[in-house]
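Read through the structure below, which is laid out as structure tokens, and then see the notes.
Within every chain, numbering begins at 1; the chains are lettered A, B, ... in the order of the sequence lines, protein sequences first and strands thereafter.
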There are 2 protein chains.
Amino acid sequence: MSPEARPTIADVARKAGVSKGLVSFALNDKPGVSAQARTRILDAAAELGWTPNLRARSLSTGRSFACGLVIGRSTDVIAADPFFPSLIAGLEDVFSVSGQVLVLSAATPGRHEVETYRGLAADRRVDGLILTDLRAADERIALVGELGLHAVTLGRPDVDSPFSSVSVDDGAGIRCAVEHLAALGHDRIAHVAGPDAMLHARRRTAAFEDAARANGMSSRVVRTDFSAAQGATATRDLLALADAPTAIVYSNDQMAVAGIGVAERLGLRVPGDLSVSGFDDTELGRHLRPALTSVATDARAWGAAAARALLGMLAGDAVAHIELAEPTLVIRESTSVSPHPPTGGLGRH
Amino acid sequence: MSPEARPTIADVARKAGVSKGLVSFALNDKPGVSAQARTRILDAAAELGWTPNLRARSLSTGRSFACGLVIGRSTDVIAADPFFPSLIAGLEDVFSVSGQVLVLSAATPGRHEVETYRGLAADRRVDGLILTDLRAADERIALVGELGLHAVTLGRPDVDSPFSSVSVDDGAGIRCAVEHLAALGHDRIAHVAGPDAMLHARRRTAAFEDAARANGMSSRVVRTDFSAAQGATATRDLLALADAPTAIVYSNDQMAVAGIGVAERLGLRVPGDLSVSGFDDTELGRHLRPALTSVATDARAWGAAAARALLGMLAGDAVAHIELAEPTLVIRESTSVSPHPPTGGLGRH
DNA sequence: TTGTATGCGTTATCAC
DNA sequence: GTGATAACGCATACAA
């Protein structure tokens, strides 16, 4: 009598005069159903407005039709980082049109990272995971493999991994920034980096040091947790040095913004006395004064590519390692000619 | 032979020498099980390491053990808005310790808002929803009700609603900002607001106009979509007026930052020539120069309260309307005494 | 080419 | 009071 009662596969079978099993075969385009039975079944299903019950399907197939993203960073850091919302937007671009759903889990005060992965796997809440913020010798790779889940990593791990990966050569972005500064005559530069445990922070640091060396610049690196607060502290420390840098390459935009604030408070002009470049090319950057020179990566495209790769793995595709387009340097107002051009440098022209 | 095979309730029943049904009763603390049978069952379950299969549980109980958050705003706007990550962090604080999972859906190019809600409901992917960014005469209230889902709204809707709500009096925050500016001698102020269709944008606008009137100030309002770009445009328009305001109250921090950029580009000093206040008290704000005066709301606490309210509804609690702590104004460097103090105003002291 | 049985946990229904 | 049984909803291995 319930008006809400959805038709079940049994209703369709009865109406079409066949068994439940055959209905399932017909509706999933499996072989072994006569053309005649197939049309009878499809008609009956359409007439009743039948759609499969996802939960029953989930139980019998062992799939969740959901993928997960575990956010391991402190949530305070996430809130300040526009990378995640953009990544999520990209994931949704793909998941939303393929019947998948995105399950978001954060490591919270009440439950830590490994437990979060174990919980998702124990309950089979997801079929696969997006692994982000890869760390050196990341134990999550093995953990997720043992838990029997599929996954795609953002960037290639430094350990053996059975998973597909989608990468962006952020090192190339940093290199662009350093070369830009070299061309402007800077020869004493610094990098405000992310945590050394994170692979992409390491990669950026290495690219920075290589590019500085290749361009004959003296360089320095300060590590942070990616937060604006530590970006500010790092800047204060760098500018207090006797041979303070004339340009700083930051590993994200919010640290760059905080760094500009610190420099200006010390009476320095940006870019007159200090050039600053950011990373991620946040919307806000172009509205600041000075507008921020920044390395532009396409987090949304990254998310979309990762989602596609994960769906591919779930469908049984071979492991693939996808390299996305190189980031580009967007030059705005926060970088300019060095205040202390090296002898024979560009300052002469 | 599968080494992965989890014990099922049938294994427990066999080991305890009872039926599946009785095992279920025993493990869910239902009456009708003798103390003797209960201990036998519990021992057997512990010995086998049995845990219920969530998918089977989901099928038989009709619950998903998941809650959803649909993000209706353009994803580009979300990426720039630290409100959502903080909200999500708050939701996770509660969900993660109560066996719930957060399903995130975004209105994407391929699928729009109403379809997203219908899709979640059709597949019963979630038991309840968090409704945010409430609009005037919001059709989602009725829609979600018809779809048979529970929900909690962030803020009280302007239509009849069967759902609990969790609210913050953002009007009070705006009032604080206006009174602060009045005390500084400003008498020509403006508000850069969010979309008029959004209830909280309306509420803030109304609070702004009331407070300006109560303090004898002339006021103006410009509407935007909350993006930094439109915040910049609005500021340019306001400052081009013959009687340009001496202070602008922005409805979020990123518009305030963009506004400061525009003002400085026009040769105005902030706060010397123009005072600026933001909303949300973003981490970044305190590192800017000038550091941003902003209305602080606790998005994370808001999320946690909403999650608790939703779990309450799912458990059958009565509809509740929760009012959170009033926002506070954090006064920093971007607001100061008016450059044109009104006659008899504070400028004399 | 088609029908049947089984897997999952919960719960309504029935038997003692 | 105490317990067993069957049905739910779908996919699929297997039998016919």
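Contact check on B:R40 versus B:D43 returns no salt bridge, with no Lys/Arg side-chain nitrogen under 4.0 Å from an Asp/Glu carboxylate oxygen. Checked for salt-bridge contact, B:D298 and B:R300 miss the test: no charged N lies under 4.0 Å from a carboxylate O.
Between D:dA11, C:dT10, C:dG3, one nucleotide has an atom nearer to the side chain of A:I9 than all others, and that is D:dA11. With C:dT2, D:dA4, D:dT12 as the choices, the nucleotide that has an atom nearest any side-chain atom of B:L22 turns out to be D:dA4. For A:S34, counting side-chain heavy atoms from C-beta on, the closest listed nucleotide (C:dT1, D:dA7, D:dC10) is C:dT1. Considering only the side chain of B:V33, D:dG3 comes nearest among C:dG9, D:dG3, C:dT2. In this structure, the nucleotide among C:dT11, D:dT5, D:dC10 sitting nearest to the side chain of B:S19 is D:dT5.
In this structure, the side chains of A:L102 and B:V103 stay at 4.5 Å or more apart for every pair of heavy atoms. Side-chain contact check for A:L69 versus A:L129: every heavy-atom pair is 4.5 Å or farther apart.
Using a 4.0 Å heavy-atom criterion, one finds that B:V23 contacts no nucleic acid atom at all. Residue contacts for B:K30: at a heavy-atom cut-off of 4.0 Å it reaches the sugar-phosphate backbone alone, with no base atom in range. Among the atoms of the strands shown, only primed sugar atoms or phosphate atoms (P, OP1, OP2) are found under 4.0 Å from some heavy atom of A:T8.
Residues A:S64 and B:R55 have side chains that bring a donor and an acceptor to within less than 3.5 angstrom of each other.
In this model, the phosphate group of D:dG9 is not approached by any side-chain N or O of A:W50 to a distance below 4.0 Å at OP1 or OP2. One finds a side-chain N or O of B:S24 lying less than 4.0 angstrom from the OP1 or OP2 phosphate oxygen of C:dT10.
Whole-Å rounding puts the B:L59 CG to C:dT10 P distance at 11 Å. One can place CG of A:N53 at 19 Å from P of D:dA7, the figure rounded to the nearest angstrom. For the pair B:R55 CZ and D:dA11 C1', the computed distance is 13 Å after rounding to whole Å. Look at CG on B:N28: it is 11 Å from C1' on C:dT11, rounded to the nearest Å. Atom CG in A:L27 sits roughly 8 Å away from atom P in D:dA11 (whole-Å rounding). Rounded to an integer number of Å, the gap from CZ of A:R63 to P of D:dC10 is 15 Å. Rounded to an integer number of Å, the gap from CG of A:L48 to P of D:dG9 is 14 Å. Separating the CG atom of B:D11 from the P atom of C:dG7 is a distance of 10 Å, rounded to the nearest angstrom.
Each of A:T61 and B:G21 was matched to the nucleotide of DNA chain D holding its nearest heavy atom; the match closer to the 5' end belongs to B:G21.
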